[in-house]
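One structure is given below, encoded as structure tokens.
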Amino acid sequence: MANWEVDKFGGASVKDAKRLMNVAFLMEKFPSAQRMVVVSAMGKTTNALEDVLKTFLDGDDHYLELFEQIRQYHLMVAEQLFQKNDTVFHKIHALFDQTMSFMQHVPVNHHDYIYDQVVVLGELVSSRILSDFLNARGVHNQWLDARRIITTNNDYRSAKVDLRLSKENLQKALEKYSYSCFVTQGFIGASEEGISTTLGREGSDYSAALFANMLDANKLTFWKDVDGIWSKDPNIFKDAVQLSEVSFREAVEFTYYGAKILHSKTIQPLANLDIELHVRSFLAPEKTGSKIVHKKENAEEATINVMEAQTDGIVATQLETKDYSYISLGSLIEVLEQFDKLGINILQVSRSATTLTIVHQNIKGLSKQHWMGNILEGHNLYQSELGHLASQINTQNISGKLLPFANFDVQYAGGSIKFQQEVKF
Ligand code: ASP
Ligand code: MG
């Protein structure tokens with residue numbers, strides 16, 4: 001009977017030699033019969049690689065220097081963990097050399113494709129260092145190239161995963177290697193032709209959930225710098241309380257309303273198989289952290305979780321009919337369709353006789369958008385003072401209180417407005 005656990009280590013948990021030693025310590029302290037370790041790029045490496053790419057695509061040779069700085073950083077970390085003659089140094093150089101040679105030979109015209117071929121380096125090199133270091137410490141493991149497991153289409157930078165093919169690949173890999181511990185990468189995959197792809201920024205959470213799903217794992221653990229899930233950001237608010245148990249649905253809702261708990265795609269692969277997600281601190285492993293579960297134990301008695309998230313750039317846009325006629329369903333549909341097309345997150349919609357108010361993620365110059373002008377004209381509407389004022393504020397606070405109501409206080413220069421919406425579970 002398979003007995004898998006999946007552990008995901010994000011950028012902050014592997015950002016330097018000290019943190020990598022801590023990962024080894026955690027793996028020794030909490031042994032598991034069968035384990036898949038999913039790792040992100042070290043610290044802010046993905047951002048640094050994005051800077052390299054930007055400079056490279058601008059035709060500026062400074063990219064060479066930026067690239068070498070990233071290489072030097074990884075070598076420096078490895079020097080603190082390994083003997084001078086360790087084979088890990090060759091592996092690090094090989095990964096950097098391949099990426100550099102790719103950039104020097106690729107025609108600079110297919111940006112998203114180039115992006116994916118370059119940024120995968122971050123995860124490949126961090127997982128190499130971690131895998132070799134764990135082996136040196138006696139935590140025997142096999143390094144797995146996630147690009148040979150996670151099969152995607154070729155929507156570069158936000159590739160869609162083919163779970164069936166990925167599962168077949170994983171089964172083959174598990175048959176091939178007689179290991180009970182593997183180290184692999186989050187965030188990256190490859191098309192059926194073997195071309196590297198990525199799943200979208202911060203996608204490691206999602207990768208880890210996919211591995212947990214494919215292995216039918218007993219649990220998935222996210223090791224973070226906070227001790228579980230909190231009602232508010234504990235780094236900012238003194239009155240934040242820790243939530244020991246959160247349901248999948250609550251986690252999705254919280255994430256949607258701006259709490260940075262997890263990547264939005266994380267829950268589905270877990271919920272389907274009822275796999276528990278634990279969120280724990282890699283700095284305070286003695287604490288149990290929070291659990292995200294399918295159904296809370298004693299659901300009737302369980303207290304309702306209330307969470308507040310601070311988000312920047314939430315605005316209210318209010319449209320009013322010029323002639324005091326009722327607001328039409330057609331105008332509502334058109335506006336919503338446009339927001340959807342542009343990928344603007346809508347938090348609330350309310351409609352009165354003559355007004356339509358939409359609370360949404362801010363985008364610059366909404367009122368000046370061509371399509372907005374067309375809608376206003378076509379439906380004899382104008383954008384009222386509220387929308388105008390709200391779109392000028394720098395920061396708005398949004399607090400979503402879930403179950404049974406989501407309340408939104410949107411503050412703008414002239415005051416604040418309250419929204420209330422029932423959220424059914
Ligand atoms: N390294 C990638 C990023 O920073 C993926 C991840 O960390 O989840 O976006
Ligand atoms: Mg990251």
Side-chain angles (χ1 to χ4, degrees), residues 1-10 13-14 20 22-40 127 130-146 148-151 161 163-186 189 204-224 228 244-248 251 262 265-282 285-297:
M1 177 67 193
N3 225 347
W4 287 95
E5 283 189 19
V6 179
D7 292 272
K8 183 249 165 180
F9 289 95
S13 65
V14 292
L20 287 164
N22 186 51
V23 172
F25 163 77
L26 294 172
M27 297 296 86
E28 286 161 359
K29 190 176 163 73
F30 303 105
S32 168
Q34 287 172 304
R35 166 170 269 151
M36 181 69 66
V37 179
V38 179
V39 65
S40 291
S127 60
L130 178 64
S131 170
D132 282 18
F133 181 62
L134 288 175
N135 274 324
R137 284 270 298 246
V139 181
H140 295 294
N141 72 90
Q142 170 68 41
W143 182 83
L144 268 191
D145 188 335
R148 292 179 177 271
I149 311 289
I150 305 291
T151 302
V161 174
L163 196 58
R164 194 184 55 81
L165 287 179
S166 305
K167 204 169 165 175
E168 278 174 26
N169 297 334
L170 181 59
Q171 257 144 15
K172 279 185 208 140
L174 295 182
E175 279 159 26
K176 181 169 162 196
Y177 302 110
S178 54
Y179 274 85
S180 55
C181 180
F182 293 87
V183 174
T184 192
Q185 308 80 40
S204 294
D205 287 358
Y206 177 44
S207 300
L210 289 170
F211 275 103
N213 175 298
M214 296 189 288
L215 294 164
D216 196 3
N218 295 338
K219 69 172 181 186
L220 167 62
T221 306
F222 284 179
W223 296 95
K224 297 203 165 211
S244 58
E245 222 177 68
V246 172
S247 72
F248 283 134
L262 23 94
K265 287 185 180 167
T266 309
I267 297 294
Q268 207 209 348
L270 303 178
N272 288 350
L273 295 179
D274 212 350
I275 299 168
E276 279 184 8
L277 170 59
H278 295 239
V279 179
R280 298 177 67 162
S281 166
F282 58 79
E286 66 289 350
K287 298 191 179 153
T288 48
S290 303
K291 258 197 303 191
I292 306 181
V293 294
H294 186 50
K295 284 261 182 298
K296 289 197 258 181
E297 285 168 35

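The basis for the numbers below is simple: all heavy atoms, side chains too, and nothing from hydrogens, waters or symmetry mates. A quick note: this is a predicted structure, and the numbers were derived from the prediction, not measured.
In this structure, the separation between CG on L277 and CD1 on I267 is 6.0 Å, given to the nearest 0.5 Å. To the nearest 0.5 angstrom, E276 atom CD is 10.5 Å from I292 atom CD1. With rounding to the nearest 0.5 Å, the separation of CD1 in I150 from NZ in K167 is 12.5 Å.
Contact check for L174 versus K172: no side-chain heavy atoms found under the 4.5 Å cut-off.
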Kindly list each side-chain donor-acceptor pair under 3.5 angstrom involving residues 22-33, sequence neighbours excluded, with atom names and distances?
residue	atom	partner	partner atom	Å
N22	ND2	F282	O	2.8
E28	OE1	R137	NH2	2.9
E28	OE2	R137	NE	3.2
E28	OE2	R137	NH2	3.3
S32	OG	Q34	O	3.0

Check residues 206-217 and write down every donor-acceptor pair under 3.5 Å in which the side-chain atom is one partner and the other belongs to a residue at least two apart or another chain.
residue	atom	partner	partner atom	Å
S207	OG	F187	N	2.7
S207	OG	G203	O	3.4
N213	ND2	P269	O	2.9

Compile the donor-acceptor pairs under 3.5 Å between side chains in residues 176-184 and protein atoms, sequence neighbours left out, one pair per line.
residue	atom	partner	partner atom	Å
T184	OG1	L144	O	3.0

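For the side-chain hydrogen bond (donor to acceptor under 3.5 Å, both in side chains) test with D7, the passing option among R35, H278, R280 is R35; the others fail.
A donor-acceptor pair is defined here as one N or O able to donate and one able to accept, closer than 3.5 Å; such a pair exists between the side chain of N141 and the backbone of S131. When atom types are taken as modelled, the side chain of S166 and the backbone of T151 share a donor-acceptor pair closer than 3.5 angstrom. In this structure, the side chain of E245 does not engage the main chain of K291 through any donor-acceptor pair within 3.5 Å. Judged by distance alone, with hydrogens and angles left aside, the side-chain atoms of D274 form no donor-acceptor pair with the main-chain N or O of L270 at under 3.5 Å.
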